[in-house]
Amino acid sequence: VEEGSAKEKSNLAGVRHILLVLSGKGGVGKSTISTELALSLRHSGKKVGILDVDLSGPSIPCMFRVQDNDVHQCDSGWVPVFVDQDKSISLMSIGFLLEKPDDAVVWRGPKKNALIKQFVADVAWGDLDFLIVDTPPGTSDEHISTVEALRPYKPLGAILVTTPQAVSVGDVRRELTFCKKTGLRVLGIVENMSGFVCPHCSECTNIFSKGGGEELAKHAGVPFLGCVPLDPQLSQSLEEGRDFIQEFPKSSAFPALTHIAQQILDGTSQRSS
């Protein structure tokens with residue numbers, strides 16, 4: 001066992017901060033927020049890794065158009081896939097390990113949990129400022145495994161993603177309880193899909209109700225990090241496979257995410273000082 005733990009230490013040893021992106025339910029845009037957050041942090045000159053532990057819906061590789069890449073082995077484990085020339089963002093996802101992109105991961109809990117442990121221990125991230133962990137929806141088994149596997153590395157905390165509607169807010173409330181029970185610090189709540197930015201006149205309309213996330217943060221006594229609007233142009237650039245890294249700064253979600261990233265950066269500098 002001794003040898004194994006030494007190896008595990010080495011793979012995450014160069015990672016300064018681990019962030020988990022959680023939500024009580026699917027479809028609130030965790031992967032989008034994980035991706036946009038990674039890009040915002042990269043914009044601030046940080047090196048970022050994304051670990052996609054969503055085994056049934058690994059969407060991160062598609063967002064960066066690297067879904068056809070293979071993962072190679074090195075002495076210390078799997079080499080993550082770099083998405084850009086200057087290697088400032090690296091990814092690891094079950095998506096890279098499936099034979100065909102349409103393969104479903106039909107596994108029982110123990111096998112999934114083993115893979116998550118392996119993902120945490122066996123990816124050779126090298127030096128990173130941030131590792132963003134994109135988790136599956138809900139407070140499932142995989143969730144608990146992820147938090148347990150990361151606990152020895154003292155994650156910075158979790159960002160909870162909600163949409164403005166009350167249903168989503170209720171699910172996120174359960175997620176807050178989960179964080180409390182597992183001792184995971186909540187860095188704050190992000191309200192995603194908060195309004196729709198019209199591609200023609202750039203006006204922001206609230207399709208759903210508004211302010212659920214802020215209300216919840218107030219109730220729970222955790223920081224509210226901000227609202228991220230739905231930007232159809234950004235979604236379209238993803239659908240068309242345009243370069244997300246280039247498109248992102250032009251999007252109306254960019255200022256909101258820059259603000260969120262800044263709060264995280266401020267938080268880490270306070271903690272380390």
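Just so we're clear, the structure is a prediction, and the values are computed from it rather than from any experiment.
- Of the possible donor and acceptor atoms, none in the side chain of R151 sits under 3.5 Å from a partner among the backbone N and O of G183.
- By the 4.5 Å heavy-atom criterion applied to side chains, L128 and S90 are counted as neighbours.
- Side-chain atoms of Q73 and W78, non-hydrogen and from C-beta on, do get closer than 4.5 Å to each other.
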Open item on the list: Please determine whether side chain to side chain contact (heavy atoms under 4.5 Å, CB included) holds for the pair W125 and L131, giving the CA-CA distance in whole Å, both sets of side-chain angles, and the decisive distance to 0.1 Å.
Closed with: CA-CA 9 Å; W125 293 108; L131 176 61; 3.6 Å; yes
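- Atom CD in E36 sits 5.0 Å away from atom CG in L257 (nearest 0.5 Å).
- Contact detail for V120 and A149: the closest heavy-atom pair is CG1-O, 3.7 Å.
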Task: Worked check of salt bridge (Lys or Arg N to Asp or Glu O under 4.0 Å) between K47 and D129 - done: CA-CA 5 Å; K47 272 192 92 160; D129 294 302; over 6 Å; no
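- From I144, atom CD1 reaches atom CZ of F178 across 5.5 Å, with rounding to the nearest 0.5 Å.
- Within the 4.5 Å cutoff, side-chain heavy atoms of P61 are placed close to those of D52.
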TODO: Apply side chain to side chain contact (heavy atoms under 4.5 Å, CB included) to L265 and Q262, showing your working.
DONE: CA-CA 5 Å; L265 291 168; Q262 195 49 57; 4.1 Å; yes
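- The two residues S34 and I60 make their nearest non-hydrogen contact at CB-CD1, 4.2 Å.
- When side chains are defined from C-beta on, E148 does not count as touching N113, because their heavy atoms never get closer than 4.5 Å.
- How far CG of L225 is from CD of E214: 11.0 Å, rounded to the nearest 0.5 Å.
- Using a 30° and 60° split on the angle between ring planes, F130 and H17 fall in the tilted class, from 30° to 60°.
- Here the side chains of V81 and F64 are not in contact, with every heavy-atom distance at 4.5 Å or above.
- Summarising the geometry, atom CG belonging to D134 is positioned 11.0 Å from atom CG belonging to L37; distances are rounded to the nearest 0.5 Å.
- Residues I260 and V228 meet the side-chain proximity criterion, which asks for heavy atoms closer than 4.5 Å.
- The shortest side-chain heavy-atom distance between P223 and Q263 does not fall under the 4.5 Å cut-off.
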TODO: Please test E175 against L184 for side chain to side chain contact (heavy atoms under 4.5 Å, CB included), starting from the C-alpha separation and ending with a verdict.
DONE: CA-CA 11 Å; E175 194 69 47; L184 187 61; over 6 Å; no
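- Considering every non-hydrogen atom in both A261 and S40, the closest pair reads CB-CB, 3.7 Å.
- Of the possible polar contacts, one joining the N11 side chain to the A121 backbone as a donor-acceptor pair under 3.5 Å is found.
- We find the CG-CG distance between L187 and L160 to be 9.0 Å, quoted to the nearest 0.5 Å.
- M92 and F82 fall into different hydrophobic clusters, where Ile, Leu, Val, Met, Phe, Trp and Tyr residues are linked whenever their side-chain heavy atoms come under 4.5 Å apart, directly or through other members.
- With a 4.5 Å cut-off on side-chain heavy atoms, F119 and L97 count as touching.
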TODO: Using the side chain to side chain contact (heavy atoms under 4.5 Å, CB included) rule, take F96 and L91 through it: C-alpha gap first, then chi angles, then the decisive distance, then the call.
DONE: CA-CA 9 Å; F96 297 132; L91 310 178; 4.0 Å; yes
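- V48 and V79 are members of different hydrophobic clusters when ILVMFWY side chains are connected at heavy-atom separations under 4.5 Å.
- Summarising the geometry, atom OG1 belonging to T182 is positioned 8.5 Å from atom CG belonging to L22; distances are rounded to the nearest 0.5 Å.
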